[in-house]
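See below for the structure under consideration.
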Number of protein chains: 2
Amino acid sequence: MRRLKIEVCEDQLIHRDVVHQVKDKMLSYDAIFDLSTFFQVFSDETRLRILEALLVSELCVCDIASLLSMSQSSISHQLRTLRELSLVKPRKEGKVVYYSLMDDHIKKILDLGLEHVMEDENEKER
Amino acid sequence: MRRLKIEVCEDQLIHRDVVHQVKDKMLSYDAIFDLSTFFQVFSDETRLRILEALLVSELCVCDIASLLSMSQSSISHQLRTLRELSLVKPRKEGKVVYYSLMDDHIKKILDLGLEHVMEDENEKER
DNA sequence: CCTATATATGAATAATTATTCATATATAGA
DNA sequence: TCTATATATGAATAATTATTCATATATAGG
């Protein structure tokens, strides 16, 4: 996001009516912000792989790091992000912290995304 | 993504069996990459607002710029991104280029995201 | 209490990316 | 053909972010 400087097609829009009609149906800035934040979580390969893994089973930080062949620090940072966005929850058992998914909304989202991606794959083949 | 330097919890994972089991069910790197690329589209507020607007009606570049109070250049760049990822399609009519959504998968994705975001909102209120 | 290990986290860095600016291309109308 | 306008796009810039490195915290076991 950057500084704002409006420059609107020679100061007049072409289809005034339609634009006004659309404007009325738009989400609030807050909703859009939350939505973009939510989707951003799924835009990172590491986070996607973490979520995907947790879809199968609860795992500790160490397990995830090992599974993804990544550093413990990196995984911890990403888990923090996921935690802060209420997508995963920790369960402490001694030194070990186990993470699991907060709800199964996540599976729905991933599946829908995958569905779309697969369609694109098929179209490329034709 | 950065250079890779593995560091795996003192070189041994804690729950070897579970990790192996999870590993078998993981998506390919390609699929994960495509998935992250797909979700990344929805992680930007401007793109979300463009998609949301096109959900209501087909619009030309100029209309979108006006609607979002953003520069024509900025919108064109984002439309290019959306076009390249097959989320919108252009229709040229003289000088004017009208954009519309490629399919209605997009509505499903947005709705699902919104559903999740709204739930979070409600939880905060309690 | 001391050591080893699991996890968390702040700061720095490298990479990515959204917007701006300048400019190019395309088309309609005079 | 000349001009005005709609759109596209390359390069530069500013902001964001994923990972690393160093280190802190917490806990189990001796």
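Labels below follow one simple rule: chain letters A, B, ... track the order of the sequence lines, proteins then strands, and each chain is numbered from 1. Nothing here was measured: the structure is a model prediction, and the numbers come from that model. All values below were derived from every heavy atom in this structure, side-chain atoms included, with hydrogens, water molecules and symmetry-related copies excluded.
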Write down the distance between [atom1] ([X]) and [atom2] ([N]), rounded to a whole number of angstrom.
X     : N      : atom1 : atom2 : answer
A/F39 : D/dT17 : CZ    : C1'   : 20 Å
B/L79 : D/dT7  : CG    : C1'   : 10 Å
A/L68 : D/dT19 : CG    : C1'   : 14 Å
A/R49 : D/dA18 : CZ    : C1'   : 14 Å
B/R91 : C/dT27 : CZ    : P     : 15 Å
B/R83 : D/dT9  : CZ    : C1'   : 10 Å
A/Y98 : D/dT27 : OH    : P     : 15 Å
B/I64 : D/dT7  : CD1   : P     : 9 Å

From C-beta outward on [X], which listed nucleotide comes closest to its side chain: [options]?
X     : options               : answer
B/K95 : C/dT27, C/dT7, D/dA8  : C/dT27
A/R80 : D/dA18, C/dG10, C/dT7 : C/dG10
B/K92 : D/dT7, C/dT27, C/dA8  : C/dT27
B/Q78 : D/dA6, C/dT19, C/dA8  : C/dT19
B/S74 : D/dT7, C/dT19, D/dT9  : C/dT19

Self-check item: Side chain B/Q72 and base D/dA8 donor-acceptor under 3.5 Å
Solution: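 Answer is yes: a donor-acceptor pair is held.
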Self-check item: Base D/dT7 paired with B/H77 side chain (donor-acceptor, <3.5 Å)
Solution: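 Under the 3.5 Å cut-off, the side chain and the base do not form any donor-acceptor pair.
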Practice problem: For C/dC1, give its Watson-Crick or G-U wobble partner with both distances under 3.5 Å, or none. | Solution: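 For C/dC1, the partner nucleotide comes out as D/dG30, under the 3.5 Å rule.
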Self-check item: Base partner of D/dA18, which must satisfy Watson-Crick or wobble distances under 3.5 Å
Solution: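 Pairing partner: C/dT13.
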Practice problem: Find out whether B/Q72 and B/V61 are in side-chain contact, i.e. whether some heavy atom of one side chain is under 4.5 Å from a heavy atom of the other. | Solution: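 Yes, side chains in contact.
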State plainly whether the residues [X] and [Y] are in salt-bridge range, i.e. N to O under 4.0 Å.
X      : Y      : value
A/R80  : A/E84  : yes
A/K107 : A/D111 : yes
B/R91  : B/E93  : yes

Quiz item: Below 4.0 angstrom from OP1 or OP2 of C/dT20, is there any side-chain N or O of B/S71?
Solution: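 True: B/S71 side-chain N/O within range (under 4.0 Å) of C/dT20 OP1/OP2.
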Exercise. Taking only the side-chain nitrogens and oxygens of B/S73, find out if one of them lies under 4.0 Å from OP1 or OP2 of D/dT7.
Key: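 For D/dT7, OP1/OP2 do not have a side-chain N/O of B/S73 under 4.0 Å.
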Self-check item: B/Y98 ring center near A/H15 ring center (under 6.0 Å)
Solution: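 B/Y98 vs A/H15: aromatic centres under 6.0 Å.
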Practice problem: Please work out which of the three classes, parallel, tilted or perpendicular, describes the rings of B/H116 and A/F38, given edges at 30° and 60°. | Solution: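 Parallel.
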Quiz item: Under 4.0 angstrom, heavy atoms only, what part of the nucleic acid is A/Y99 near: base, sugar-phosphate, or nothing?
Solution: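 Sugar-phosphate: the residue A/Y99, judged by heavy atoms under 4.0 Å, touches backbone atoms but no base.
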Practice problem: Name the nucleic acid region contacted by B/Q40, choosing base, sugar-phosphate or nothing; use a 4.0 angstrom heavy-atom cut-off, strictly under. | Solution: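 Answer is sugar-phosphate: B/Q40 comes under 4.0 Å of backbone atoms only.
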